Amino acid sequence: MEIDLPDVLAEVGEAFARYETALVTNDVAVLGELFRNDPRTLRYGGGENLYGYNEIQNFRSGRSPVGLMRKTARTVITSYGRDTAVASTLFYRDNAPGKVGRQMQTWIRFPDEGWRIVAAHVSVIDEPPASP
């Protein structure tokens with residue numbers, strides 16, 4: 001298996017950037033497009049466990065657009081072959097000082113849909129102290 005093929009990393013990087021823009025601008029249509037429309041698609045959030053595309057969309061549609069801006073750090077995208085990738089990032093919000101968010105997404109390329117998120121996990125913890 002080939003890991004981290006440059007063209008695959010570029011494609012997933014573009015999809016990830018598109019997701020990030022849609023997230024902070026509350027573009028529910030694009031967020032819906034990037035998650036696979038399937039009852040097996042999962043999203044574990046900071047305060048919710050969403051099973052299936054419909055639950056994810058209902059959450060997105062009802063979410064307040066206030067306070068979504070964030071800064072990401074230490075983003076790592078790893079591809080496995082031509083059709084599977086994992087994107088991981090840390091994120092920080094000005095409205096949550098002392099906290100660090102962690103996000104992981106599993107991306108699959110489908111022949112008729114392109115790159116789609118099939119599983120996502122988001123959590124927020126107290127920011128660890130800086131290393132000496």
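Bear in mind the structure is a predicted one, so any value in this text is a computation, not a measurement. FYI, the numbering just counts along the sequence from 1.
Here the side chain of Y19 pairs no donor or acceptor atom with the backbone of I117 at under 3.5 angstrom. For R102 (side chain) and I125 (main-chain N/O), no donor-acceptor pair under 3.5 Å exists by modelled atom type.
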Passes side-chain contact (heavy atoms from CB on, under 4.5 Å), V86 versus Q105? Steps please. CA-CA 6 Å; V86 175; Q105 301 165 332; over 6 Å; no
Does T41 form a side chain to side chain donor-acceptor pair (under 3.5 Å) with R36? I'd like the steps, not just the answer. CA-CA 6 Å; T41 299; R36 181 139 200 257; over 6 Å; no
Could you walk me through whether K99 and D126 pass the side-chain contact (heavy atoms from CB on, under 4.5 Å) check? CA-CA 5 Å; K99 301 287 186 180; D126 290 334; 2.6 Å; yes
Before you tell me yes or no, could you show the steps for I77 and F16 under side-chain contact (heavy atoms from CB on, under 4.5 Å), namely the whole-Å CA-CA distance, both residues' side-chain angles and the distance that decides it to 0.1 Å? CA-CA 9 Å; I77 298 173; F16 181 84; 4.2 Å; yes
Apply side-chain contact (heavy atoms from CB on, under 4.5 Å) to the pair R40 and V118, showing each step before the final yes or no. CA-CA 8 Å; R40 294 165 291 199; V118 297; over 6 Å; no
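Here OG of S79 is found 5.0 Å from CG of L5. Values are rounded to the nearest 0.5 Å.
Counting heavy atoms from C-beta on, the side chains of F91 and L23 never come closer than 4.5 Å. Here the side chains of W115 and E11 are in contact, with some heavy-atom distance below 4.5 Å. The closest side-chain heavy-atom distance from Y92 to R70 is not below 4.5 Å. Proximity of D38 to Y53: side-chain heavy atoms (C-beta onward) are nowhere separated by under 4.5 Å.
Ion pair E2/R82 not flagged as a salt bridge, since none of the NZ, NE, NH1 or NH2 atoms sits closer than 4.0 Å to an Asp/Glu carboxylate oxygen. Looking at K71 and D94, a side-chain N of the basic residue comes within less than 4.0 Å of a carboxylate O on the acidic one, giving a salt bridge. Taking the charged nitrogens against the carboxylate oxygens, E55 and R43 have no contact shorter than 4.0 Å, which rules out a salt bridge.
A pairwise comparison of heavy atoms in S61 and V28 identifies OG-CG1, 4.0 Å as the closest pair.
Test T75, V124, V122, L90 against Q103 for side-chain contact (heavy atoms from CB on, under 4.5 Å) and you get one pass: V122.
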